Amino acid sequence: MITKRTRVVVLTGAGISAESGIRTFRGSDGLWENHRIEDVATPEGWRINPQLVWSFYQQRRKKLLHVEPNSGHLALVELERFLDSFLLVTQNVDNLHERAGSKNLIHMHGELEKLRCEECHAVEVMMEEKHLGEEILTCQQCGGRLRPHIVWFNEIPMQMQEIMEALTHCDLFIAIGTSGHVYPASGFLHKAQMHGAQTIVINLEPPENISFSDEFYQGKAGDVLPMLVRRWTQE
Ligand code: OAD
């Protein structure tokens, strides 16, 4: 079904990192359990209580120091190496795809490891030793306040034009570990299918947008992906 020339776009969500020990958003032990989304994931939340928001993301950053990529992340690296044209779009703000070895990667909801100046918009990469404290940091270039480089609700996801272009031209679109609740990512399946791509969904349970999938594999990404990638690359 797949050859080296098949143009593939993959979308991942929290489910692919679940087996590494990072909690999903909408599970029963969901990350938002102790916080209202408006308090920690909106521009208003940051304006009203920046210290709370800062601490929330610092906790998530510290968690990254204790987790490792799993077999799902690694299978996607193998798939990328096999193909001539491959784009991985992730909604996840963790760094597990790049640590596994993925190269052509878009973090559409931002990255935990980065901060952005509210004044000059410069982006800084955080360093473990000096950036994991509770004090909100300032920009090295202009002294402005740094905010998490995260796309909050009511903000526009990153690199949308590039993503839309890839969805329009791909032959195969695969959505993995995402509940299909959050727009615009939830619309990618339909968009790719409308433009003639084959669509595959891999998830623990049928997601909201399941009706736009041609094939659905129910199970853990860490089990299903290695099996599929082995089949595709060895056929
Ligand atoms: P969700 O928590 O909404 O959905 C995760 C999905 O992964 C669920 O459908 C689970 O059934 C599935 N799942 C769990 N473990 C799995 C596993 N081992 N293998 C395969 N599937 C598994 O997470 P997202 O869809 O990623 O946005 O959430 C989308 C966005 O909502 C996030 O990026 C975040 C949040 O608000 C922002 O922060 C802007």
Side-chain angles (χ1 to χ4, degrees), residues 10-46 53-54 56-57 59-61 63-64 67-76 88-97 100 105-114 116 147-160 163 173-190 200-213 215-229:
V10 172
L11 171 72
T12 60
I16 197 162
S17 294
E19 289 159 77
S20 294
I22 297 181
R23 291 194 293 179
T24 61
F25 293 92
R26 292 173 182 81
S28 55
D29 62 347
L31 180 71
W32 309 108
E33 211 171 68
N34 303 320
H35 293 282
R36 296 187 320 146
I37 286 181
E38 309 87 80
D39 293 342
V40 291
T42 61
E44 292 70 37
W46 173 245
V53 177
W54 182 266
F56 175 75
Y57 287 100
Q59 270 176 39
R60 299 180 66 192
R61 288 186 185 105
K63 176 84 184 170
L64 289 187
V67 295
E68 297 293 332
N70 63 55
S71 52
H73 297 104
L74 294 170
L76 288 177
L88 175 54
V89 181
T90 187
Q91 297 167 88
N92 299 342
V93 295
D94 66 53
N95 57 7
L96 294 178
H97 282 306
L105 170 67
I106 292 178
H107 276 280
M108 65 178 288
H109 288 166
E111 292 170 70
L112 273 175
E113 285 189 307
K114 291 181 179 168
R116 185 169 77 244
R147 58 161 276 181
H149 190 52
I150 299 281
V151 176
W152 286 323
F153 286 91
N154 303 326
E155 295 184 321
I156 298 167
M158 295 172 187
Q159 295 176 260
M160 281 305 290
I163 297 171
F173 175 80
I174 312 171
I176 305 160
T178 176
S179 61
H181 274 99
V182 175
Y183 188 82
S186 57
F188 293 175
L189 207 56
H190 187 205
I200 294 179
V201 167
I202 301 167
N203 216 59
L204 263 191
E205 62 207 4
E208 279 287 297
N209 50 3
I210 183 79
S211 59
F212 300 112
S213 75
E215 281 177 59
F216 174 48
Y217 294 87
Q218 185 154 16
K220 290 184 175 178
D223 295 336
V224 177
L225 262 173
M227 184 265 293
L228 285 177
V229 170

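Atoms within each ligand, like the ligands themselves, are counted from 1 in listed order. As the structure is a computational prediction, the values presented were derived from the model and not from experiment. Every heavy atom of this structure was used, including side-chain atoms; hydrogens, water molecules and symmetry mates were not.
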Closer than 4.0 Å to some heavy atom of F153 - which atoms of ligand 1 meet that? 36 (O)
Please identify which atoms of ligand 1 are closer than 4.0 Å to at least one heavy atom of V151. 39 (C)
I'd like the name of whichever of V182, N203, T178, I150 reaches closest to atom 10 (C) of ligand 1 through any heavy atom. N203
Spacing of CE belonging to M108 relative to CG belonging to L11, to within rounding of 0.5 Å: 7.0 Å
Side-chain touch P148/W46, heavy atoms, less than 4.5 angstrom: yes
Polar side-chain atom of N203 near backbone of T178 as donor-acceptor pair, under 3.5 Å: yes
Contact region, A18 to ligand 1, non-hydrogen atoms below 4.0 Å, reads side chain
Go through ligand 1 atom by atom and flag the ones less than 4.0 Å from a non-hydrogen atom of A14. 23 (O), 24 (P), 26 (O)
Looking only at heavy atoms, is any part of Q91 under 4.0 Å from ligand 1, and if so is it the side chain, the backbone, or both, or is it neither? both
Is ligand 1 under 4.0 Å from a heavy atom in the side chain of W152, in the backbone, in both, or in neither? neither
Suppose I only count heavy atoms of E19 and a 4.0 Å limit; which atoms of ligand 1 are within that range? 17 (C), 18 (N), 19 (N)
Going by heavy atoms, is H181 under 4.0 Å from ligand 1? no
Whether K220 and D223 form a salt bridge (side-chain N of Lys/Arg under 4.0 Å from carboxylate O of Asp/Glu) is what I want to check. no
The residue among V229, L204, I200, I202 that forms side-chain contact (heavy atoms from CB on, under 4.5 Å) with V224 is I202
Nearest non-hydrogen atom to atom 5 (C) of ligand 1 belongs to which of G13, G219, A175, G177? G177
If hydrogens are left out, which of L204, V40, I202 has an atom nearest to atom 15 (N) of ligand 1, that is, the closest non-hydrogen atom? L204
Is M158 close to H149 at the side-chain level, that is, under 4.5 Å between some pair of heavy atoms? yes
Roughly how far apart are L76 CG and I174 CD1, rounded to 0.5 Å? 7.5 Å
Looking at ligand 1, does any of its N/O atoms fall within less than 3.5 Å of an N/O of S179? yes
Mind checking whether S17 and H73 have side chains closer than 4.5 Å, heavy atoms only? yes
